[in-house]
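The structure appears below as structure tokens.
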Amino acid sequence: MIRMTEPSKITSVPDHQPAAGGIAARARASVGPKYLSGLNPEQRDAVETLDGPVLVLAGAGTGKTRVLTTRIAHILSQGRARPAEILSVTFTNKAAREMKHRLGQMLGHAVEGMPWLGTFHSIGGRILRTHAELAQLKSNFTVLDTDDQVRLLKQLLQADNIDEKRWPARMLAGLIDGWKNRGLTPSQVPSGEAAVFANGKGGKLYASYQERLKILNAADFGDLLLEDIRIFREHPDILRQYQQRFKFILVDEYQDTNVAQYLWLRLLSQAPASPSFTSPRVRGEVASQSDAGEGGSPQTELVETAPQPDPLSASGARHDSVKDGEREKPHVKNICCVGDDDQSIYGWRGAEVDNILRFDHDFPGAKVIRLERNYRSTGHILAAASHLIAHNEGRLGKTLRTEDHDGEKVTVTGSWDSEEEARGIGEEIEQLQRQGEKLNEIAILVRASYQMREFEDRFVTLGLPYRVIGGPRFYERAEIRDALAYLRVINSPADDLAFERIINVPKRGLGDATVQMLHDHARKRRIPLFEAARAVVETDELKPKARGSLRDVVAQFDRWRAQREVTAHTDLAQIVLDESGYTEMWQKDRSADAAGRLENLKELVRSMEEFENLQGFLEHISLVMDRDGGAEDDAVSLMTLHSAKGLEFDNVFLPGWEEGLFPSQRTLDEQGRAGLEEERRLGHVGLTRARRRAKIYFATNRRIHGTWSTTIPSRFLDELPSANVEITESKGGSAWGGTGGYGASRFDDMEAFGSTYSTPGWQRAQANRNRGGGRSGGGQGGFEEQASSFSSSSGPDFGSFSSRRRGPMTIEGELVAKSTGTTSEFSLSDRVFHQKFGYGRVTKIDGNKLTIAFDKAGEKKVVDSFVQRA
DNA sequence: TCTCCTACGTTTTTT
DNA sequence: ACGTAGGAGA
């Protein structure tokens, strides 16, 4: 980590002004310190406009992070604030790390002194720990993740005799999350909404969930912000303290903020004022009835109320029911939000695009700066992306431009089915590789993760190195959560959830019956589960076997707790894992991923070194633990469009542009037009990830949940500008032939797409289908029509697909032919292990290509370097 | 208490 | 089609 101290130490600022000289310093900004050089005028404006609210609309690839970090450097070098007086929030740890890193580079050394640069949740959590007692918590409270949350809710549902089949805990967790995202405490949830769960019990369950959290000394992610908000509202003195501390606020990805985050920011961004003077603007209705249970301090009703988001009302309507005369301009201080409404893709988890669309309303006098110069993509790619996103209505409107050359056109390629799509992309990647492209500069961005499988299969077969980005987070893996549960029980004996998780892991003969008994005991005596266990062991309520094992468990934990005093926390963790039999459990496990799990456990112990002690480790683990890195090797990246946000690659493959998949039918059903716009933004994000090549694909047939469906090309294809797009032919090599028999009945489903009946996309699909399904008449009427909708270029049109269809059934033929001929070090019927497919037996060898019958995954062709002897 | 079978639910993801 | 979670039976 880096240390950043006083502004005077900043190297890249040769002769800055002393701390008091802010104004003078600004006056000479036109000369400008070194770090400002290389910024374009808009960027520079965004960096130098330090006073008042600023919204920077930063399109994709316009240097957003650079602006943010340079702005911080500027604030520091101008002596306007010390590092600890700048609040700088991001959404992800990755983004926070990136900023720290860039800042460190820019400043030459130094960043540990930015204590308030972090994610919303980590900063919210830190504030909450400081005032934990005001939320009936202790400062060492546990942060529960979704899993713990659901288990806790399950217990509540059981206690309330609610049928979990009808009212799943997951659903309740989702509702509660949603309420918290909107800044609603139990008493503020509109009664109609609270009633939808379990015949009106929803609100009560939320309330008792909160109570249980306090008893467990735990908070969920939502609480990290919501409890802050409550504390700020109920304790103006504390709020003022933070308002005074933070001279500058910077927010990254503002378009992704939810209501709770907005409220949190708003509270902090008001200039500190003496209580009698405070007159914050009220957003939403003034002290609505839902505010009833809250209140107390005179300030409470003045400070804003959570808006009740009402998608139906126009955005203006829900605003400011306060008369203009009453609405003094809030004293907002220096807040700078950076975002891009065109990249808002998290509406489904509570992000309010409205926050950014309404910025200048919420922060009157805001200066809006648009960054529209794109430094990433070539002309064609940028034009395609811009044209696509221009179909959205609810935009602030930006026009991205580039000074780069046009480059290659965006390609659109159709394939018969998803397998051919994967095959074709595989070939194109190999071709790019031959042209000297780095695999690290190639990414495949899918809409849904199930699309990844086909590519993985294909790449394994080809021996093409790839890496999946995203997927389950490190600390979400079962073995990590188990290990953490052990440590949590050691650290805080009242952590019932953790104790319950590992009481019978590994198997100790302490099953449901025992746990139930402990629960009863604990509830009766109002003591934690662990203490109940200790007490029960002294009685003869349990069968001797269970009693013995429970006694051992209690004794073990007592011993570990004692050892904690004298043992380094990493050593302790190792001891716990060994003595508990947990490591052994996985060593004995013969399943495919056991080895990986043991590896993960080692990694966990290693990662503990970065922390001072067990307590510190546990406090941060759920907030900052990251997925395993190891991105050293040259490999193709495979990820969802969502996880691609913020990344860029020379070559981007965008498969699966089909109605129903992309745009996702479900989003359309659930969110209607807003959903469609969000999907379109997703497309825009996908395209703008590409620097030099963007390649779009659609398949005519795709297997969804097991059954094959005929699909039609995405309407987004029709929204691409023909001048920048080229239709190409699939290089899939098509092993097509046996599958026929798609009846016309498939088209009955098309009603689902209702309004698309008349679009060129639909007609194109129909033409395709007629050719594919009937395989009789190629090139039906609508076809030329659609081709003209792309108006396109020289490339072969879709008609030529049919001629390719009947190619010989090569299956994996080419692949085998391509094998290097070197003899494999494996022999027939060798027992082998593969990272992904697990254990198996070699059934066929061809050069370095092995055919392996996997125990779990079935028969696969694999390059020998991907397996090892078992 | 453990194991096997059935039934369900399958977009996106952070903290 | 497939993986998992929860329930029923050994």
Side-chain angles (χ1 to χ4, degrees), chain A residues 89-96 118-126 128 143-151 154 164-165 168-171 174 177 180-181 219-226 253 256-258 260-261 344-351 445-453 469-476 478 504 507-516 543 545-546 549 620-627 639-646 656 660-671 675 678-679 681-683 685-686 703-709 856-858:
Chain A
V89 279
T90 64
F91 274 82
T92 65
N93 291 305
K94 198 175 156 206
T119 63
F120 274 102
H121 290 89
S122 66
I123 291 172
R126 174 209 279 250
L128 184 55
V143 179
L144 300 189
D145 60 29
T146 325
D147 234 65
D148 292 318
Q149 215 180 336
V150 169
R151 259 168 338 121
K154 246 178 213 171
E164 283 181 66
K165 274 276 158 67
R170 284 212 161 277
M171 183 196 278
D177 249 25
K180 289 187 174 182
N181 283 160
D220 63 20
F221 286 120
D223 286 341
L224 299 181
L225 293 166
L226 192 49
E253 306 279 19
D256 287 338
T257 49
N258 60 36
Q261 286 154 342
S344 161
I345 55 176
Y346 286 110
W348 50 272
R349 67 175 195 210
L445 311 183
V446 297
R447 176 63 181 81
S449 44
Y450 66 77
Q451 290 173 263
M452 291 188 196
R453 233 184 112 156
I469 314 274
R473 244 111 257 109
F474 184 70
Y475 71 90
E476 278 169 8
N504 201 30
K507 297 266 188 300
R508 298 189 176 92
L510 300 169
D512 288 349
T514 311
V515 172
Q516 197 52 53
K543 288 191 212 117
K545 223 174 162 183
S549 17
H620 286 105
I621 189 69
S622 48
L623 291 178
V624 302
M625 191 77 190
D626 236 353
R627 66 197 84 175
M639 70 190 95
T640 62
L641 286 163
H642 283 90
S643 34
K645 193 166 83 162
L661 174 60
F662 184 54
S664 148
Q665 188 58 48
R666 192 158 152 183
T667 301
L668 261 39
D669 291 344
E670 286 169 10
Q671 329 239 11
E678 182 152 312
E679 294 284 305
R681 291 194 289 267
L682 209 41
V685 166
R703 193 163 37 186
I704 302 166
H705 312 321
T707 36
W708 284 97
S709 313
K856 297 262 161 65

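- Look at OH on A:Y346: it is 9 Å from P on B:dT15, rounded to the nearest Å.
- The side chain of A:A448 sits closest to B:dT12 out of B:dT13, B:dT12, B:dT15.
- If you check every strand for non-hydrogen atoms under 4.0 Å, A:E476 touches a base.
- The side-chain heavy atoms of A:K645 and A:D256, taken from C-beta on, include a pair separated by under 4.5 Å.
- Note: OH (A:Y450) to P (B:dT13) measures 13 Å, nearest angstrom.
- In this structure, the CZ atom of A:R453 is 17 Å from the C1' atom of B:dT11, given to the nearest Å.
- Contact between A:D147 and A:R170 at its shortest, heavy atoms only, is OD1-NH2, 4.3 Å.
- Atom P of C:dT4 sits at a distance of 16 Å from the matching atom of B:dT11, rounded to the whole Å.
- Side-chain N/O atoms of A:S449 and base N/O atoms of B:dT11 include no donor-acceptor pair closer than 3.5 Å.
- The pair A:D177-A:K180 does not count as a salt bridge, with every side-chain nitrogen at least 4.0 angstrom from each carboxylate oxygen.
- By the criterion of a centre-to-centre distance under 5.5 Å and near-parallel planes under 30°, the ring of A:W348 forms a stack with the base of B:dT12.
- Summarising the geometry of A:T90 relative to A:T92, their closest heavy-atom pair is OG1-O, 3.0 Å, with the distance given to 0.1 Å.
- Using the six-membered ring where Trp is involved, A:H121 and A:F221 have ring planes that are perpendicular, over 60° apart on the 30 and 60° scheme.
- In this structure, CD of A:E164 is placed 19 Å from P of B:dA7, rounded to the nearest angstrom.
- Residue A:S122 has no polar side-chain atom (N or O) positioned under 4.0 Å from OP1 or OP2 of B:dT15.
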- [ ] Go through the steps for A:E670 and A:W348 under the test side-chain contact (heavy atoms from CB on, under 4.5 Å), then give the verdict.
- [x] CA-CA 10 Å; A:E670 286 169 10; A:W348 50 272; over 6 Å; no
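- Counting any heavy atom pair closer than 4.0 Å across all strands shown, A:Q671 reaches no nucleic acid atom.
- Comparing B:dT11, B:dT15, B:dT13 against the side chain of A:S664 picks out B:dT11 as the nearest.
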TODO: Any chance you could lay out the salt bridge (Lys or Arg N to Asp or Glu O under 4.0 Å) test for A:D148 and A:R151, step after step, and finish with the verdict?
DONE: CA-CA 5 Å; A:D148 292 318; A:R151 259 168 338 121; 2.9 Å; yes
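- Spacing between atom CG of A:L510 and atom C1' of B:dT1 amounts to 11 Å, rounded to whole angstrom units.
- When all heavy atoms are compared, the tightest approach of A:R447 to A:S664 is NH2-CB, 3.9 Å.
- Positionally, the nearest nucleotide of DNA chain B for A:D512 lies more toward the 5' end than for the other of A:D512 and A:M452.
- When DNA chain C is scanned in the 5' to 3' direction for atoms under 4.0 Å from non-hydrogen atoms of chain A, the outermost contacting nucleotides are C:dA1 to C:dG6.
- Across the C1' atoms, C:dC2 and B:dT13 are found 22 Å apart, a figure rounded to whole Å.
- Between the CD atom of A:Q149 and the P atom of B:dT15 there is a distance of 15 Å, given to the nearest Å.
- Of the side-chain N and O atoms in A:N93, one or more sit less than 4.0 angstrom from OP1 or OP2 of B:dT15.
- For A:N504, a side-chain nitrogen or oxygen approaches OP1 or OP2 of B:dC2 to under 4.0 Å.
- Taking the 5.5 Å centre cut-off and the 30° plane limit, the aromatic side chain of A:H705 is classed as stacked on B:dT10.
- Spacing between atom NZ of A:K645 and atom P of B:dT11 amounts to 21 Å, rounded to whole angstrom units.
- Within the 4.0 angstrom heavy-atom criterion, only backbone atoms of the sugar-phosphate kind lie near A:K154; the bases stay farther away.
- Across all their heavy atoms, A:L641 and A:L445 have their closest contact at CD2-CB, 3.7 Å.
- Among the nucleotides B:dT11, B:dT13, B:dT1, the one closest to the side chain of A:T514 is B:dT1.
- Atom CD1 of A:I469 is separated from atom C1' of B:dT14 by 16 Å (rounded to the nearest Å).
- Side-chain proximity of A:H642 to the nucleotides B:dT13, B:dT11, B:dT1 is greatest for B:dT13.
- Among B:dT14, B:dT11, B:dT15, the nucleotide with an atom closest to any side-chain atom of A:R349 is B:dT14.
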